[in-house]
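Shown next, in structure tokens, is the structure this report addresses.
Protein chains get the first letters and strands the later ones, always in sequence-line order, with residue 1 at the start of each.
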2 protein chains.
Amino acid sequence: MSKGGRAAKRGPPRRGLGRAAPRRPASAARGSAKRDAILAAALEEFSSRGFATARLDDVARRAGVAKGTIYLYFRDKESLFQELIRAMLTPLIGAIEAMGGVDMPLAAMSERMTELFVREIFETRRKDVIRLIITEGRRFPKLAEFYYREVLARVLVVMRALLARMAARGEMTSDLARFPQIMAAPGLVAIIWSELFDRFEPLDVRAMMRTYFKLLFATGRRE
Amino acid sequence: MSKGGRAAKRGPPRRGLGRAAPRRPASAARGSAKRDAILAAALEEFSSRGFATARLDDVARRAGVAKGTIYLYFRDKESLFQELIRAMLTPLIGAIEAMGGVDMPLAAMSERMTELFVREIFETRRKDVIRLIITEGRRFPKLAEFYYREVLARVLVVMRALLARMAARGEMTSDLARFPQIMAAPGLVAIIWSELFDRFEPLDVRAMMRTYFKLLFATGRRE
DNA sequence: AATCGATGACTGACCAGTCAGTCATATAGC
DNA sequence: GCTATATGACTGACTGGTCAGTCATCGATT
């Protein structure tokens, strides 16, 4: 028999009538330090090994908790993954809406877009989150949908409005406003290139972004 | 839940004595119909489930062979994956070199690039191969390296030359020639968008590509 | 009958998820 | 204040299912 008297009855009072607590970690429903440690460790592990090959044993070790503890805070591995992505993206939602009104002369766009991307995404953990959405999104349609609805769609709306305003002002044609996705294209290149090919041929992301927007916006006053 | 998905890294079975018979399938070293069926099935399975969660049992069933047969043609799962990608990319290598000399007036670029991408990549299995490199490349550095050396680097050389020639002719600035990666950006957007977000907001890839190149090339004779 | 491609039941590693048991802390009782 | 009892967050050995890779055997061909 492994482990001494595991057979004991152990009589947890089992809360008379009250519903059987769903194993909620009680107090620490949301803002626990342990929960945060687990999320941080999970980001690390999922980023470097991918969802399927990441091991919860490793997440637990990295977070400094026992494996079982993870299950006090998250239903299962997939749940941990999804909550991780959501937790990382949620703060963005408000920030995007807040940008709704911005307007900008064409001359400033190139620099502003470049710095926004490099500083707020490329040099932060958000880069890893985006990579995870790209690489795992197909296997987690819920996640792709969340990202689309809560982030992408909003960004596109803001983008379209901004571009449309510039077009109305005569600073450029309205073509870009029809495909705001184009604005994100160099960002994708930067993220994917840096991950896969930087060791063979380093890419100066800032310079590329600047060049990109310069060319795009040089389109010139509608010809 | 609990989907295994290890990467078969484990130790060597250490067979008794010598005999490391490569288990070569003898005759069918290369051009077997079975081998091809396995590769086709593998592309299907790896594309839809990803490397880690794809099952060789499914590959075998889809290919109409027994699981053991796979091991007559490929060393292991990873080997099958890598050989699959290589087999799909190899035919491209020659084609790229052949394009080395092409020149093109700026006016034709937009349409040519768009059609080339849509017809030769987006509407073919090559799209899936690129997706696999993007999603799995990090876990298979050898593969990323192969792709970079045999495909990307060559494409970039050809691209740079083409763009440089156009710049020399005064059709555009030489900025693009410094970052030929930019030419691939809309392709990435198309592939990733179609995979993750098309169901929410369909993207007219051809129109987007045309718009993209039109804007990029409208940069105009060096101002 | 010897060779060899092919087969698929089988083995063992591996890991998500479980749960009996521990222990630090809180509360009740003296 | 001090001990007894209760609580529940936390632990980690264990279970059950999955799947990569193996190999004894089969059947076709020579």
Starting at [atom1] of [X] and ending at [atom2] of [N], how long is that distance when rounded to a whole Å?
{"X": "L56(B)", "N": "dT7(C)", "atom1": "CG", "atom2": "P", "answer": "15 Å"}
{"X": "Y73(B)", "N": "dT7(C)", "atom1": "OH", "atom2": "C1'", "answer": "13 Å"}
{"X": "I70(B)", "N": "dG8(C)", "atom1": "CD1", "atom2": "P", "answer": "12 Å"}
{"X": "R75(B)", "N": "dA20(D)", "atom1": "CZ", "atom2": "P", "answer": "16 Å"}
{"X": "R55(A)", "N": "dC14(C)", "atom1": "CZ", "atom2": "C1'", "answer": "9 Å"}
{"X": "D57(B)", "N": "dC10(C)", "atom1": "CG", "atom2": "P", "answer": "14 Å"}
{"X": "F81(A)", "N": "dG17(C)", "atom1": "CZ", "atom2": "C1'", "answer": "19 Å"}
{"X": "L72(B)", "N": "dT3(C)", "atom1": "CG", "atom2": "P", "answer": "18 Å"}

>> Just so I know, are the side chains of I182(B) and Y212(B) near enough to count as touching, which here means a heavy-atom distance under 4.5 Å?
In response: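 In contact.
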> Within a strict 4.5 Å, meaning less than it, do heavy atoms of the F213(B) and T114(B) side chains meet?
Replying inline: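 Yes, their side chains come closer than 4.5 Å.
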> Salt bridge check: are R35(A) and E83(A) linked by an N-O gap of less than 4.0 Å?
Replying inline: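 Salt bridge present between R35(A) and E83(A).
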> Between E45(B) and R55(B), does at least one N-O distance fall below 4.0 Å, as a salt bridge requires?
Replying inline: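 R55(B) and E45(B): not salt-bridged.
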Which nucleotide in the list [options] gets nearest to the side chain of [X]?
{"X": "A66(B)", "options": "dT7(C), dG21(D), dA16(C)", "result": "dT7(C)"}
{"X": "K77(B)", "options": "dT7(C), dT11(D), dA20(D)", "result": "dA20(D)"}
{"X": "D76(A)", "options": "dT7(C), dA20(D), dG17(C)", "result": "dG17(C)"}

> So, is K34(A) close to the dC10(D) phosphate, meaning a side-chain N or O under 4.0 Å from OP1 or OP2?
Replying inline: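 So the side chain of K34(A) is within the cut-off, an N or O lying under 4.0 Å from OP1 or OP2 of dC10(D).
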>> Counting only side-chain nitrogens and oxygens, does K67(A) get under 4.0 Å of the OP1 or OP2 atom of dG12(D)?
In response: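 Answer is no, no contact under 4.0 Å.
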